[in-house]
2 protein chains.
Amino acid sequence: MEFNDFLIDQGQIIHKDKDDHLFRQGDMNSSLYYIKQGFLKAYYISEDGKEFVKSFLSTGNVIANLTSVHLKQPCSYSVICLEPATLIMVSFEDLYQRSLEDQSIARTIIEVLLKLALKKERREYEFLCLSAEKRYDLIQKNMPELLEKVTQNDIARYLGITPVALSRIKNRQ
Amino acid sequence: MEFNDFLIDQGQIIHKDKDDHLFRQGDMNSSLYYIKQGFLKAYYISEDGKEFVKSFLSTGNVIANLTSVHLKQPCSYSVICLEPATLIMVSFEDLYQRSLEDQSIARTIIEVLLKLALKKERREYEFLCLSAEKRYDLIQKNMPELLEKVTQNDIARYLGITPVALSRIKNRQ
DNA sequence: TATTCGTTTTAACCCAGGTTAATTACGGCC
DNA sequence: GGCCGTAATTAACCTGGGTTAAAACGAATA
């Protein structure tokens, strides 16, 4: 069985409004979500209430809080819809079990995880080796649509700096 | 077939001296390595010659340059042995192909990739949300052995700061 | 049109970390 | 022992980004 068939077969379609949460930091969540349509934001809130944007998620991608679905611990971050969204929700556990029997599904999971690992390695590289200004340059070069879609506040928090600092960076370019 | 059997069956044992490279940034490399014994460092060299430590790798773990083995591009970072090491080297492509037919191997690969994704997410969180000083605190708390094994220079470059800055952090604690 | 609320900019001041360079400490090794 | 190279510390100075607060700029709604 194909991954997509499994989603259609076992999954549940859910609709979310703008500003609705998929899950919240601190809660348990055992689902994997496929984004049929929408644009979402994954973010951390620190102990002193500051927000940091982990990633932006768009149509065609899947999202699951690994800490919760795999380690069975509370979600380490929240996910909120930046626009109305349609998703397919499945139990991660069910999908994982199915992958043990089904070649095609195992293959897709490996593919998804490889892609995720590469993306996270890329982001690790940017934080480790580049200045905030260089990281902003990369967004301008590689994801210009992002600058249209989200506020400068969210871009700043994605870069790991404050909105004030981002305004300064733009100013000196 | 189990993952370990595949390694023993298809793999090639290799010995490396201290300071030997497993692969170098810019080269192609199509292998996955299992660390039978040893302690290694993965690092980037920036355009202006500065070193940044991506990770430390110890006995029992596997290492493969995903950019090279999966995307078929030159290695994005180098790996060097900090002590003499014994490894098992296999073709990533062969392992990947085998996972398409073999349930058990697919399962192990998924397990390894999930663990990797969680590790990289954790590091992303630390860079995004924590100061260098907080990140150093976490090393002291969670990986105190590391402070014994590697130089302060390498710890600093792993934290994304200079050795001078790390010396100051230690000093003000 | 006026009001409101969130976003962005600007300014002033502070501090963590970068840079450079000199100094000290700690090994090997002859 | 003396020598050499690397690691670590210290100091002086610089800079990018944090913090706070005020102002400017929307877009949306009354």
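Chain letters run A, B, ... following the sequence lines, proteins first, then strands; residues in each count from 1.
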Taking protein heavy atoms under 4.0 Å as touching, what does nucleotides 12-27 of chain D look like 5' to 3' if B marks base contact, S marks sugar-phosphate-only contact and - marks none?
B----BBBB-------
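Between A:Lys134 atom NZ and C:dG18 atom P the separation is 14 Å, expressed in whole Å. In this structure, B:Glu51 places its CD atom 14 Å from P of D:dT6, rounding to the nearest Å. Distance, B:Leu82 CG to D:dA7 P: 11 Å, rounded to whole Å. Taking atom CG of B:Leu159 as the reference point, atom C1' of C:dA16 lies 14 Å away to the nearest angstrom. Summarising the geometry, the separation between CG on B:Asn171 and C1' on C:dA16 is reported as 14 Å, rounded to the nearest angstrom. Protein atom CD of B:Gln152 is 15 Å distant from nucleotide atom P of C:dA25, rounded to whole Å.
The shortest distance between the side-chain N/O atoms of A:Lys170 and the OP1/OP2 oxygens of C:dT8 is not below 4.0 Å. Note on A:Asn153: a side-chain N or O is less than 4.0 Å away from OP1 or OP2 of C:dT8.
Under the side chain to side chain donor-acceptor pair (under 3.5 Å) rule, A:Glu93 has a single partner from A:Lys72, A:His70, A:Arg98, which is A:Lys72.
Aromatic rings of A:Phe52 and A:Tyr43 (six-membered ring for Trp) have centroids beyond the 6.0 Å cut-off, not under it.
Between A:Ile8 and A:Phe6 there is no side-chain heavy-atom pair separated by less than 4.5 Å.
Backbone-only engagement by A:Thr151 is indicated by non-hydrogen atom pairs under 4.0 Å involving sugar-phosphate atoms exclusively.
Heavy atoms of other residues, nucleotides or ligands lying less than 6.0 angstrom from OH of B:Tyr125 number 12 at most.
Counting all heavy atoms, side chain and backbone alike, B:Gly26 lies closest to B:Pro74 at O-CB, 3.2 Å. Across all their heavy atoms, B:Ile88 and B:Gly11 have their closest contact at CG2-CA, 3.8 Å.
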